[in-house]
Amino acid sequence: MFSYRHAFHAGNHADVLKHMVLIAIMRHLAQKDTALTVFDTHAGAGLYRLDGDYAETSGEAAEGFLRLIAAKPLPNALAPVIQDYLDLVASFNTAGSHKIYPGSPFIVQSLLRERDKLKLFELHPTDAKTLSANVAQLAAGRQVAVLREDGFEGLKKFLPPPARRALVLSDPSYEIKTDYARVVAMVADSLTRFATGTYAVWYPLIPRPEAHDVPRKLKTLAAKAGKAWLNASLTVKSSKLTANDAGEVIRPGLPASGMFVINPPHTLKAALGLALPQLAKLLGQDKHATSTLESAA
Ligand SMILES: C[S@@+](CC[C@H](N)C(=O)[O-])C[C@H]1O[C@@H](n2cnc3c(N)ncnc32)[C@H](O)[C@@H]1O
């Protein structure tokens with residue numbers, strides 16, 4: 001079974017990028033009256049404690065969300081989408097505390113209108129159980145469904161959604177090498193079922209070819225389908241292995257990641273154009289920190 005548990009990583013720099021983009025997309029989609037269905041193919045546990053055992057073991061939020069908070073930017077100095085992200089996370093906490101970090105299911109749920117629906121896939125038995133318990137607390141009734149199923153496969157039966165408006169977030173752990181190919185295959189299949197949906201795929205930027213294949217293949221898919229796309233990446237440090245004084249190899253941890261969006265809101269590029277350089281500056285750990293933003297209409 002899987003060893004990946006998102007609780008170790010909650011609030012890290014990859015979550016900052018992913019959740020900021022997710023909120024920006026949701027805000028835009030919520031402007032239109034028609035009901036929206038949001039699919040989260042890899043949902044995780046939904047809510048995390050930043051002071052809990054898991055988070056403290058790796059402390060990754062310290063280099064992500066908590067680092068942004070600690071930077072104490074001046075009022076109005078942050079790009080609106082970063083501020084919106086910080087405000088939304090703050091809404092899960094009592095004033096001034098940063099103990100709770102919402103995962104994608106809770107971020108999305110907090111932005112739904114009454115007529116919208118959220119379908120959450122989570123395969124890990126423990127995380128699926130925690131997610132179900134967390135979702136039950138919301139008393140959201142039929143609006144939010146937790147499915148203990150493979151998200152890559154499970155999505156198929158829901159596309160196209162009844163009102164023909166949907167956002168699909170796909171955030172695999174890439175713990176299994178086949179996730180790289182499966183996420184691309186899932187988007188390819190989904191575009192044939194429902195070409196006008198918005199698809200947002202998170203991917204790690206690490207020195208292995210499969211990781212770099214994800215945005216490359218998604219670009220080809222979008223271009224072939226004649227769909228607009230946007231690709232945003234954030235690098236916080238070098239990906240090079242280093243050695244300590246004892247000559248042991250030190251792995252740098254995740255240095256960078258990206259979000260690839262097919263059929264993005266037309267406002268997203270400008271919003272991220274302001275935000276990404278700020279994130280690279282605030283979260284950057286060495287001179288390799290940078291961001292990229294590319295798109296095609
Ligand atoms: C990166 S985490 C998700 C984090 C979440 N999207 C967030 O932003 O808060 C990936 C999750 O996918 C789950 N998972 C792995 N393979 C899966 C599959 N094939 N279908 C559904 N869930 C899967 C893992 O157990 C893990 O909880």
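Whatever order the structure lists them in is the order used to number ligands and atoms, beginning at 1. Counting begins at 1 with the first residue of the sequence. Atom set for the values below is all heavy atoms of this structure, side chains included, hydrogens, waters and symmetry mates excluded.
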Do Lys269 and Ser295 have side-chain atoms, one donor and one acceptor, less than 3.5 Å apart?
-> yes
For residues Ser170 and Trp202, is any side-chain donor paired with an opposing acceptor at under 3.5 Å?
->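 There is no such pair (donor and acceptor under 3.5 Å, judged by atom type) between the side chains of Ser170 and Trp202.
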For the rings on Tyr180 and Tyr174, is their centre-to-centre separation under 6.0 Å?
-> yes
Can you sort out which atoms of ligand 1 are near Glu149, meaning under 4.0 Å from one of its heavy atoms?
->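 The list of qualifying atoms is 20 (N), 21 (C).
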Could you tell me whether some N/O pair between [X] and ligand 1 is separated by less than 3.5 angstrom?
X	value
Pro172	no
His19	yes
Gly151	yes

Does ligand 1 have a heavy atom under 4.0 Å from the side chain of [X], from its backbone, from both, or from neither?
X	result
Asp179	neither
Ala43	backbone
Asp171	both

Ser104 vs Asp40, side-chain hydrogen bond (donor to acceptor under 3.5 Å, both in side chains): CA-CA, chis, key distance, verdict = CA-CA 8 Å; Ser104 49; Asp40 192 342; 2.6 Å; yes
Ile107 heavy atom under 4.0 Å from ligand 1 |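 It does not; every heavy atom stays at 4.0 Å or beyond.
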If hydrogens are left out, which of His42, Met186, Arg182, His124 has an atom nearest to atom 17 (C) of ligand 1, that is, the closest non-hydrogen atom?
->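 That would be His42.
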Ignoring hydrogens, just give me the one of Glu122, His9, Glu153 whose non-hydrogen atom is nearest atom 25 (O) of ligand 1.
->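 Minimum heavy-atom distance to atom 25 (O) of ligand 1 goes to Glu122.
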Just one of Leu159, Leu118, Leu120 clears the side-chain contact (heavy atoms from CB on, under 4.5 Å) bar with Phe39, so which one?
-> Leu159
Just one of Phe106, Phe65, Tyr48, Tyr101 clears the ring pair (Phe, Tyr, Trp, His ring centres under 6.0 Å) bar with His19, so which one?
-> Tyr101
Okay, side chain of Glu122, backbone of Asp127: is any donor-acceptor separation there less than 3.5 Å?
->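 No, because the side chain of Glu122 does not come within donor-acceptor range (under 3.5 Å) of the backbone of Asp127.
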